[in-house]
Protein chains: 2
Amino acid sequence: MIQAHAVRLFVERGYDATTVTEVAEAAGVSPMTVYRHFPTKEDLVLVDQNKQLVAERIVATSTDQPLVRRIGDALIDSAATLVSRGYGNDPEENTQFLLARLRLMISTPALRAKHLDNNYALQQAIVDALGGDAGDDDIAFNAHAAASACLAAMHTALVRWAEDDGQTELPDMIAKALTAAFGDEVVGTGADGQE
Amino acid sequence: MIQAHAVRLFVERGYDATTVTEVAEAAGVSPMTVYRHFPTKEDLVLVDQNKQLVAERIVATSTDQPLVRRIGDALIDSAATLVSRGYGNDPEENTQFLLARLRLMISTPALRAKHLDNNYALQQAIVDALGGDAGDDDIAFNAHAAASACLAAMHTALVRWAEDDGQTELPDMIAKALTAAFGDEVVGTGADGQE
DNA sequence: TACTGTAGTGTTAGTCACTAACACATTGGT
DNA sequence: ACCAATGTGTTAGTGACTAACACTACAGTA
């Protein structure tokens, strides 16, 4: 509830021009309550990354595949799940809310920076799921390089998807970005996609 | 001079535990002077990206090569230039200073976030240098995807280089990261390297 | 009914990054 | 000696965020 008011105000007046106190007033609570639910102002906007979801998908991939393929499939799959199941409310409303947050995220430096840093945490989760940090340093390095590159490509897809106002399918967009970066032969269309 | 004091204090006491006022006192100036030279506290640490340098290298690459190859070569080349020519002082001292800043950048969330966002600006510069934003939307998209993925891999190399205390060669590390992400056939060893 | 722990909230007073507006000093050119 | 530009300091703010403490609502328990 607080978050909905926050995003609305941020869109209306701009992120920087809106104070946390104003968000609190709009939501009918005290500023302190806002901070208890959202540790920082940025957290009022940033989209949930669902690290766990991605990690599960990574584990489910075949170790026969190259790293980029495994990570790419997991990301595409996770995106599909995230978009389709939404957050429990009206799906269309959810998509619009997600798009509004994404647009803020892309256009506001502070939000963009923190989001990119969150991706960094997701990268670590992916490497962990790949078992990369277990032993060899070189294996870990390769996993980190592949994961970071895949996440960067995914971010490009997110930006494009937001620019298109969600008209296209997000998983397809991610696949397209991965193909652009890594080439056709390495990228699939999701774990259960038709190839 | 201000920056040197800042980095020293940040290393000694921690970034968050050091106030800008303390930096100013250490440097013998007023806090306002610090802000005039460095718009934000983060800027006291963040390493110069030299967007222009990278852009020039991009333009110098052959358009016959795949995007990732062109960007990768430019990044490797730029890193070599940056490390070798330093900042005018003692090269060893420069390397240590660079390493100190990198370590802070990696371990401090606020710095890491802003640095990743700076990479995002570098990505735009690369796409511009590639001529990506001139016409077709799809071409721009491919350029963004490739550039972001290359920069992410480079970041992995930076982290590893810092962990190794600069023992390895940074350009080699970047080449290694690019190879890990994109495969052997797409990555060179710099524009004038031996292949 | 009264008792108690717990979770959510509010209040207050602070710290610190950062900005704006204005005054002062130094320097280099005419 | 005059002027403009540049760098610096001072002051008074705004706003994100923290810490400490008190209060309320509500659960389960006797």
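Sequence lines set the chain letters: A, B, ... in the order given, protein chains first and strands last, and positions in each chain run from 1. Computed from a predicted model, the values in this text were never measured in an experiment.
The CE atom of Met1(A) sits 17 Å away from the C1' atom of dG8(C) (whole-angstrom rounding). The distance between atom CZ of Phe38(A) and atom C1' of dG8(C), rounded to the nearest whole Å, is 15 Å. In this structure, the CG atom of Leu9(B) is 14 Å from the P atom of dC16(C), given to the nearest Å. Between the OH atom of Tyr35(B) and the P atom of dC16(C) there is a distance of 11 Å, given to the nearest Å.
A cation-pi arrangement is found for Lys41(B) relative to Tyr15(B), the charged atom lying closer than 6.0 Å to the ring centre and inside a 45° cone about the ring normal.
Within the 4.5 Å cutoff, no side-chain heavy atoms of Leu130(A) are placed close to those of Ile139(A).
Counting only N and O atoms by type, the side chains of Arg57(B) and Thr81(B) include a donor and acceptor under 3.5 Å apart. Remark: the Gln124(B) side chain and the Asp128(B) side chain contain an N/O donor-acceptor pair separated by less than 3.5 Å.
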Letter per nucleotide, 5' to 3', of nucleotides 8-15 of chain D [B base touched, S only sugar-phosphate touched, - untouched; heavy atoms, 4.0 Å]
BBB----S

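Applying the salt bridge (Lys or Arg N to Asp or Glu O under 4.0 Å) criterion to Asp16(A), with sequence neighbours excluded, gives no partner residue.
Between Arg69(B) and Asp64(B) no salt bridge is recorded (no basic side-chain N to carboxylate O distance below 4.0 Å).
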